[in-house]
Number of protein chains: 2
Amino acid sequence: MDSKIVNLRSKMEVYKAISGGGNFANCPVRDVIQGVSGKWSSLLMMALTEKPYRFGELRRLVPDISQRMLTQTLHDLQRDGYVHREVFPTKPPSVEYSLTDLGHSMFGALHQLILWAELNHDAVRDARSGFDAMQA
Amino acid sequence: MDSKIVNLRSKMEVYKAISGGGNFANCPVRDVIQGVSGKWSSLLMMALTEKPYRFGELRRLVPDISQRMLTQTLHDLQRDGYVHREVFPTKPPSVEYSLTDLGHSMFGALHQLILWAELNHDAVRDARSGFDAMQA
DNA sequence: AGTGCTGGTCTCTTTTTGAGACTGCCACTC
DNA sequence: GAGTGGCAGTCTCAAAAAGAGACCAGCACT
């Protein structure tokens with residue numbers, strides 16, 4: 001029993017998804033996973049799921065992100081259409097970041113992975129320490 | 001309407017998940033996402049979902065991965081308990097990689113994201129080219 | 001004796017990340 | 001009117017990670 005997923009994909013379907021059908025730059029899976037894969041992307045998406053945040057708020061919410069990476073990650077998320085950036089002309093101009101519909105939709109899928117991570121983190125940690133013990 | 005996800009998590013819950021409750025090294029989300037986030041991890045998991053593969057087969061299946069990264073990614077996946085590595089004492093010894101139960105379980109969650117990626121790739125690409133046009 | 005397959009490791013270069021100093025603007029305080 | 005602090009970044013430089021590709025041992029076949 002190779003899990004239900006196998007029933008959904010033939011060998012060629014898997015290969016096509018992996019390789020992008022020969023056009024690697026255009027492979028959906030790689031392209032989208034790449035966006036999530038950043039060290040900070042998923043964390044920022046999680047935060048913005050709750051409510052829009054300003055630059056400085058996000059910085060405080062994720063204390064160990066550098067300003068440079070916060071700027072860049074938000075920029076990338078905006079470019080991919082997940083995040084909306086709005087500047088308010090207040091005295092010190094403030095910038096608010098919020099999830100777009102596409103962002104919410106994407107997070108719905110990502111959320112499955114987050115839930116799994118929370119549920120199975122112990123199993124992963126055990127596997128890891130077991131593996132490390134073997135090597136030693 | 002901030003999507004149903006908001007109903008599932010209070011501000012503190014989000015923060016705890018993001019920060020790992022102050023223990024950053026131990027944050028489940030970061031820890032697991034980190035594993036998926038590698039450029040090749042999800043691709044190899046997809047391939048192994050179908051059936052076990054040998055080193056050289058994987059290399060041919062994902063043509064633009066370097067041997068170094070294939071070795072290392074498989075090693076990491078094995079360490080996290082997603083992949084099982086078995087050496088067969090054939091004439092030129094062959095090595096087979098297969099998904100563990102944990103790996104299958106994890107891929108189930110990851111699969112949601114893959115499906116989303118395939119469905120919404122066009123939207124992401126449109127957002128991206130629109131954004132790039134704005135900047136130009 | 002040469003070729004090719006196996007599953008890797010080693011070294012070198014390029015790319016990506018991270019830490020943190022620096023900027024310009026404004027408001028408030030002394 | 002000089003200093004302090006918050007805002008949203010940019011810039012530079014060092015460190016870490018990824019990628020390319022040469023190299024390795026062992027065996028089989030020719």
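Since the structure is predicted, the reported quantities are computational estimates derived from the model, not experimental observations. Below, chains carry the letters A, B, ... as their sequence lines are ordered, and counting in each starts from 1.
- Taking atom CZ of A:R54 as the reference point, atom C1' of D:dA8 lies 10 Å away to the nearest angstrom.
- The distance between atom NE2 of B:H75 and atom C1' of D:dA17, rounded to the nearest whole Å, is 16 Å.
- C:dA19 atom P lies 13 Å from atom CG of A:L70, rounded to whole Å.
- Shown are A:E96, A:H75, A:Q78; of these, the side chain to side chain contact (heavy atoms under 4.5 Å, CB included) with A:R85 is made only by A:Q78.
- When the P atom of D:dG26 is taken as reference, atom CZ of B:F88 falls 23 Å away, rounded to whole Å.
- In this structure, A:R60 reaches the D:dC7 phosphate: one of its side-chain N or O atoms is under 4.0 Å from OP1 or OP2.
- When distances are taken from the side chain of B:Q67 to each of C:dA19, D:dT10, C:dG8, the shortest belongs to C:dG8.
- Remark on DNA chain C: of its neighbouring residues A:I65 and B:R85, the 5'-side contact belongs to B:R85, judged by nearest-heavy-atom nucleotide.
- The shortest distance between side-chain heavy atoms of A:L43 and A:L61 does not fall below 4.5 Å.
- Side-chain N/O atoms of B:K39 include none lying less than 4.0 angstrom from OP1 or OP2 on C:dT16.
- For the pair A:L113/B:Q112, no side-chain contact is recorded, criterion being any heavy-atom separation below 4.5 Å from C-beta on.
- Here A:S94 lies in heavy-atom contact (under 4.0 Å) with sugar-phosphate atoms only.
- Between B:Y82 and A:W116, the ring planes lie tilted relative to each other; the angle falls in the 30° to 60° range.
- In this entry the distance linking CE of B:M69 with P of C:dT16 reads 13 Å, nearest Å.
- When each of D:dA8, D:dC7, C:dG8 is scored by its nearest atom to the side-chain atoms of A:V95, the top-ranked nucleotide is D:dA8.
- Between the CG atom of B:D64 and the P atom of D:dA18 there is a distance of 15 Å, rounded to whole Å.
- Note on B:Q72: a side-chain N or O is less than 4.0 Å away from OP1 or OP2 of D:dA18.
- Contact annotation: A:R68 side-chain N/O to D:dG9 OP1/OP2 distance is not under 4.0 Å.
- Residue A:Y97 is in sugar-phosphate contact alone, with no base atom involved, counting any heavy-atom pair closer than 4.0 Å across all strands shown.
- Look at A:W40 and you won't find any side-chain N or O under 4.0 angstrom from OP1 or OP2 of C:dT17.
- Note: OH (A:Y53) to P (D:dA8) measures 14 Å, nearest angstrom.
- In this structure, B:T71 contributes its side chain and B:Q67 its backbone to a donor-acceptor pair below 3.5 Å.
- One interatomic measurement links the two molecules: CG of A:L58 to C1' of D:dG6, which rounds to 16 Å at whole-angstrom precision.
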